[in-house]
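This report refers to the structure that appears directly beneath it.
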Amino acid sequence: MSAINDRKTTGLECSFCTPVSRRDFVRTIGAGALASAVPIFGRTAIAASTVADGPTPKSAAETAVARFYKTMTPEQRKLLSFPFDHAKRKFVGNNWAIVKPSIGDLTPEQQSICREIMKNLCSEDGYERFMKQMDDDAGGFEAYHVAVFGEPGTEQPFEWVLSGRHDTLRADGNSVEGAAFGGPIFYGHAADGHDTEDPKHMNNVWWYQGDQANKIFRTLDDKQQARALVAKAEADVPKTTSLKGEKLPTTGLGVAELDGQQKKMVSQLVEMMLRPFRANDAEEVRSCLDSNGGVDKLRLTYFKEGDLGNDGVWDIWKVEGPAFSWFFRGSPHVHTWLNVARKA
């Protein structure tokens, strides 16, 4: 008999100078500066790596996905596995169940392998952040849902996807060509279970990113701030991750207009975004960004809407480039949509 039962899954609904390349940036400020920039949990960050651009089917998370797939009974495969091109693989959401069974419905061995996959998708620091986020938002990792697309362990493309409240994460061994993280991802957090956070976002595991974005805004002169700041925020929906390519709008402020120190701060912001993830995924993002002109091709936009506490600390902002979309909506709590590729 399958270990999966048929209990109903209930979800919690949410409302809502000179060009500086990544390599120049790392040489200039060093990994140590980035590691000390984010003190939460006291872990060491890796700013850049010599690993290959992107994971492979032999990466630790992917080999665990293959083992997980082999443990499935025929009944489980009907519920948890799909063809590689299935529409569910391509979806990203802030709060959804990719399949009805949760990780807690799997056998103890399968739960352990899923946790192993999750650990190997993250840095050590990132894993601790995700575990706190999942505890606060859904009661723990076992409340989330996983599905497998394709046939891991063969020569065929495959992808493992985790979904649930405030997470859509992927492991694909680079099956999706040219897409960092295997496609668009989502991460968020309602700190300590509070739907509306305090203006300082105390205990939110992702707010260090928002803090850095606001530090950049405070270095802008009045004219730059006026161009960077927009009244109405974008809608908090999956399409916010769409890549614009040559049709990138001129909204916000181009990073190319900033001075050298400000560009370094933007590069540091990108590194802070990469900090929770494994080295191979982070390196693929850097490579994708470099291939599209680096940080000089990015645009910064801040939104007045949703300013918690009316304190002028912008809770909602976006970093966007031709094949780079990072939308951070920190009001009423954090929702983050991320999509990076080699080309739009």
Side-chain angles (χ1 to χ4, degrees), residues 17-40 43-51 53-54 123 125-126 129 180-181 185 187 206-221 224-225 227-228 243-244 248 251-302 314 317-328 330 336-343:
C17 262
T18 55
V20 179
S21 73
R22 180 257 306 171
R23 292 174 180 83
D24 290 337
F25 167 66
V26 171
R27 283 197 299 268
T28 302
I29 71 169
L34 287 175
S36 63
V38 189
I40 299 176
R43 299 298 183 184
T44 300
I46 299 175
S49 173
T50 57
V51 297
D53 294 349
S123 65
D125 171 83
R129 292 177 191 272
F181 300 111
I185 64 171
Y187 60 97
W206 309 124
W207 181 249
Y208 71 92
Q209 298 170 350
D211 186 54
Q212 175 68 8
N214 276 278
K215 286 179 181 177
I216 296 169
F217 185 84
R218 290 194 291 272
T219 71
L220 305 178
D221 62 34
Q224 289 173 323
Q225 287 188 357
R227 292 204 304 277
L243 302 177
K244 309 297 196 311
L248 183 68
T251 306
L253 182 66
V255 174
E257 300 179 44
L258 305 182
D259 65 29
Q261 184 58 39
Q262 290 169 322
K263 290 178 183 180
K264 289 176 184 177
M265 293 180 73
V266 175
S267 293
Q268 188 173 7
L269 176 61
V270 173
E271 290 298 326
M272 287 180 174
M273 176 266 282
L274 297 178
R275 192 174 195 260
F277 302 103
R278 60 178 173 175
N280 281 340
D281 282 331
E283 187 65 10
E284 186 168 23
V285 170
R286 297 184 189 105
S287 179
C288 289
L289 184 56
D290 282 353
S291 68
N292 284 280
V295 296
D296 264 20
K297 295 297 184 181
L298 299 178
R299 302 191 68 82
L300 289 169
T301 307
Y302 299 82
W314 309 118
W317 45 272
K318 188 171 190 177
V319 183
E320 191 169 25
F324 188 104
S325 179
W326 182 20
F327 180 54
F328 189 105
T336 303
W337 305 86
L338 177 61
N339 189 13
V340 183
R342 294 204 179 276
K343 60 182 180 178

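Every value quoted in this text rests on a predicted model; they were computed, and no experiment measured them.
Within a 6.0 Å sphere centred on NZ of Lys297, other residues, nucleotides and ligands contribute 12 heavy atoms or fewer.
Judged purely by atom type and a 3.5 angstrom limit, Arg299 uses its side chain to pair as donor or acceptor with the backbone of Thr251. Side chain of Glu283 to main chain of Asn280: no donor-acceptor pair is present (N/O by atom type, distance under 3.5 Å, no hydrogens or angles). In this structure, the side chain of Ser325 does not engage the main chain of Leu243 through any donor-acceptor pair within 3.5 Å. Of the possible polar contacts, one joining the Gln224 side chain to the Asp221 backbone as a donor-acceptor pair under 3.5 Å is found. Tyr187 places no side-chain N or O within 3.5 Å of a backbone atom of Leu338 that could act as its donor or acceptor partner. Between the side chain of Gln262 and the backbone N or O of Thr219 there is at least one donor-acceptor pair closer than 3.5 Å. Checking side-chain atoms of Asn292 against main-chain N and O of Arg342 turns up a donor-acceptor pair under 3.5 Å.
The shortest non-hydrogen separation linking Leu220 to Ala228 is CD1-CB, 4.1 Å. Taking every heavy atom of both residues into account, Phe181 and Val285 meet most closely at CE1-CG2, 3.4 Å.
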- Item | Verdict with supporting geometry, Leu289 and Leu298, side-chain contact (heavy atoms from CB on, under 4.5 Å) | CA-CA 9 Å; Leu289 184 56; Leu298 299 178; 3.8 Å; yes

- Item | Test salt bridge (Lys or Arg N to Asp or Glu O under 4.0 Å) applied to Arg286 and Asp290, step by step | CA-CA 6 Å; Arg286 297 184 189 105; Asp290 282 353; over 6 Å; no

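No side-chain heavy atom of Thr301 sits under 4.5 Å from any side-chain heavy atom of Glu320.
Trp317 pairs in a ring-ring contact (aromatic ring centres under 6.0 Å, His included) with only one of the listed residues (Phe327, Phe217, Tyr302, Phe328), which is Phe328.
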